[in-house]
Amino acid sequence: MKMMGFRIRLLAIAYVALLFLAVLAGIVPDAWAKEMQDVHAGSGSSSGSVSSGGDGSVQIAVSAEYVSAAADGSSSGGGAVSSQAVTASVHPVCWYEQYKTGAEIAEWFNSGKAEEEAHTYGGWSDPMPIVEGMYPDYGSYAEDTEGYWYKPWCDWKYYNGDDPMEFQKLFGQFTSNGPVYVPAGQAAPEPVIDGATLARAAWDAITIPTATIGYNPTVGRSRATVVGMDTWVWATGDTPKEVRVTATAGPVTATVTATASRLTLQPKDGTAYCTGFGIPWSEDNDRLGTDCVIVFDRSSAHFKDSVTPVDVKVSYAITYTATDGAAGIMDTHTTSTTTTIPVAEIQAIIVRPTDEP
């Protein structure tokens with residue numbers, strides 16, 4: 001444990017030094033991204049800070065459209081559409097962070113500290129042209145104690161991917177813009193939410209309805225199905241077979257599409273055969289058949305309330321695209337619920353034939 005703590009401290013020191021180079025020169029050294037990832041893995045926390053006066057998050061509007069899997073009584077399936085609108089908070093991977101006033105940066109230069117730190121961390125023979133280039137016209141704001149320089153910053157913990165080299169590229173591109181001066185009373189530079197981050201935030205903000213089902217036969221007042229018979233099962237209500245989610249943040253719009261192809265049924269006493277969302281039983285449909293049935297092999301008499309539990313799941317494959325060129329696949333999302341179906345037995349009397357008339 002001592003060795004691990006020592007290693008983390010060394011990496012943290014290297015991390016700070018390398019970040020200083022990146023911000024000054026607008027580049028990110030090749031070794032930086034890997035060291036950064038190791039520091040996070042070892043310490044479980046981020047070295048990046050957040051915007052002064054807030055956490056840097058951006059509010060977005062998210063809209064979702066659900067295409068129902070509920071069949072309309074024919075083999076063509078359902079298609080009714082419902083919608084949902086919510087707001088969500090999303091933190092950008094890269095943003096501008098309030099840094100120092102115009103007077104403080106001018107004092108940093110005039111006191112010689114800027115040159116001293118650039119020599120210490122940069123290692124160049126003449127680093128000042130690079131440093132001064134990051135704060136253009138800093139002398140013009142030497143008397144301003146209310147306006148602020150905002151420095152560009154990116155933080156790994158908000159990154160949606162897992163590739164350090166891609167994050168390194170993103171960090172280098174964004175920080176190469178250098179600090180921006182904002183006079184008092186003016187708005188700070190707006191962060192740009194990248195398409196992948198926006199897509200993930202939009203998906204996380206919405207709620208996917210769990211599946212509901214209908215079944216047949218339904219015998220007697222208890223509406224029980226029967227042991228050993230094909231029990232037709234079908235999706236009802238708001239059970240979605242497709243979900244389309246859209247969100248916009250600044251110039252970027254992300255669209256997430258989730259699709260499912262079938263119900264997954266797990267009865268406690270029986271076997272399910274389900275390759276689709278089923279269709280309601282009717283005399284006409286009975287001739288066509290269905291793609292979703294359960295065959296129960298025992299009555300519900302031994303269960304509480306004399307009903308048999310059935311687990312109902314729907315798994316969604318998820319893809320996303322965005323106007324900034326981002327595109328990809330998200331982890332499969334599964335909704336799960338448990339419903340109950342009463343199952344009865346039909347008693348039969350077998351009569352042995354005789355020769356008597």
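Proximity of the aromatic rings of Tyr215 and Trp232 is defined here by a centroid distance below 6.0 angstrom, and this criterion is not met. Between Tyr150 and Tyr99, a ring centre-to-centre spacing not shorter than 6.0 Å is recorded.
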Next item on the list: Could you please spell out the steps behind the side chain to side chain contact (heavy atoms under 4.5 Å, CB included) verdict for Glu166 and Tyr159?
Entry: CA-CA 10 Å; Glu166 284 298 317; Tyr159 183 55; 3.2 Å; yes

Next item on the list: Step by step, work out the side chain to side chain contact (heavy atoms under 4.5 Å, CB included) result for Val310 and Phe296.
Entry: CA-CA 11 Å; Val310 179; Phe296 291 96; 4.2 Å; yes

Next item on the list: Just do the side chain to side chain contact (heavy atoms under 4.5 Å, CB included) check on Val312 and Thr210 with the steps written out, would you?
Entry: CA-CA 8 Å; Val312 184; Thr210 55; over 6 Å; no

Next item on the list: Kindly indicate, with the supporting measurements, whether the criterion side-chain hydrogen bond (donor to acceptor under 3.5 Å, both in side chains) is fulfilled by His302 and Asp269.
Entry: CA-CA 11 Å; His302 62 293; Asp269 286 332; 2.8 Å; yes

Checklist line | Intermediate values then yes/no, side-chain hydrogen bond (donor to acceptor under 3.5 Å, both in side chains), Ser300 and Ser306 | finding: CA-CA 5 Å; Ser300 303; Ser306 297; over 6 Å; no

Note to self: I'd like to know whether Val67 forms a side chain to side chain contact (heavy atoms under 4.5 Å, CB included) with Arg244, so could you lay out the CA-CA distance, the side-chain angles of the two residues, the decisive distance to 0.1 Å, and finally the verdict.
What the structure shows: CA-CA 8 Å; Val67 180; Arg244 294 188 292 266; 3.8 Å; yes

Note to self: Apply salt bridge (Lys or Arg N to Asp or Glu O under 4.0 Å) to residues Glu115 and Lys113 and explain how you reach the verdict.
What the structure shows: CA-CA 5 Å; Glu115 184 172 8; Lys113 290 183 179 180; over 6 Å; no

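Shortest non-hydrogen contact noted between Val314 and Ala211 is CG2-CB, 3.8 Å. Across Val93 and Trp95, no two heavy atoms sit closer than the pair O-CZ3, 3.4 Å. For Val58 against Pro92, the heavy-atom pair with the smallest separation is CG2-CD, 4.4 Å. Ala103 and Thr145 make their closest contact through CB-CG2, 3.9 Å (heavy atoms, listed as atom of the first residue, atom of the second, distance). Residues Gly270 and Asp297 come closest through the heavy atom pair N-OD1, 3.7 Å. Residues Ser299 and Val227 come closest through the heavy atom pair N-CG2, 3.5 Å.
Once rounded to the nearest 0.5 Å, the distance linking CD1 of Ile206 with OG1 of Thr246 reads 10.5 Å. Rounding to the nearest 0.5 angstrom, the gap separating the OG1 atom in Thr218 from the CZ atom in Arg223 is 4.0 Å. Summarising the geometry, atom OG1 belonging to Thr338 is positioned 8.5 Å from atom NZ belonging to Lys313; distances are rounded to the nearest 0.5 Å. Taking OH of Tyr181 as the reference point, atom CD1 of Ile105 lies at 10.0 Å (rounded to 0.5 Å). From Asn285, atom CG reaches atom CD1 of Ile279 across 3.5 Å, with rounding to the nearest 0.5 Å. To the nearest 0.5 angstrom, Thr335 atom OG1 is 6.0 Å from His333 atom NE2.
The side-chain heavy atoms of Asp194 and Asp324, taken from C-beta on, include a pair separated by under 4.5 Å. Counting heavy atoms from C-beta on, the side chains of Glu283 and Trp281 come closer than 4.5 Å. Proximity of Asp291 to Tyr273: side-chain heavy atoms (C-beta onward) are nowhere separated by under 4.5 Å. Side-chain atoms of Glu146 and Thr101, non-hydrogen and from C-beta on, never get closer than 4.5 Å to each other. A heavy-atom distance below 4.5 Å is found between the side chains of Val243 and Ile208. Residues Thr257 and Tyr320 have side chains not in contact (no heavy-atom distance under 4.5 Å, counting atoms from C-beta outward). With a 4.5 Å cut-off on side-chain heavy atoms, Leu170 and Cys94 count as touching. Contact of the Asp305 side chain with the Thr340 side chain is not registered, since no non-hydrogen atoms from C-beta on lie closer than 4.5 Å.
At distances below 3.5 Å, at least one donor-acceptor pair connects side-chain atoms of Thr239 with backbone N or O atoms of Thr212. Between the Ser111 side chain and the Glu107 main chain, a donor and an acceptor come within less than 3.5 Å of each other. Using a distance-only test at 3.5 Å, with no hydrogens or angles considered, no donor-acceptor pair links the side chain of Asp137 to the main chain of Ser140.
Two different hydrophobic clusters hold Ile213 and Val307 under the rule that ILVMFWY side chains link at heavy-atom gaps under 4.5 Å. The hydrophobic clustering, which links ILVMFWY residues whose side-chain heavy atoms are closer than 4.5 Å, places Phe303 and Ile294 apart.
Relative to the six-membered ring of Trp153, Lys151 meets both conditions, a distance below 6.0 Å and an angle of at most 45° to the axis.
Side-chain polar atoms of Gln84 and Tyr66 form a donor-acceptor pair below 3.5 angstrom.
The aromatic rings of Phe171 and Phe167 are tilted relative to each other, their planes meeting at an angle between 30° and 60°.
Shown are Tyr138, Tyr135, Tyr96; of these, the ring pair (Phe, Tyr, Trp, His ring centres under 6.0 Å) with Trp149 is made only by Tyr135. Considering Thr253, Thr255, Thr323 in turn, Thr253 is the only one that fulfils the side-chain hydrogen bond (donor to acceptor under 3.5 Å, both in side chains) rule with Thr248. Of the listed residues (Asp230, Thr231, Thr225), just one forms a side chain to side chain contact (heavy atoms under 4.5 Å, CB included) with Val295, and that residue is Asp230.
Counting non-hydrogen atoms of neighbouring residues, nucleotides and ligands closer than 6.0 angstrom, the CD atom of Glu190 reaches no more than 12 such neighbours.
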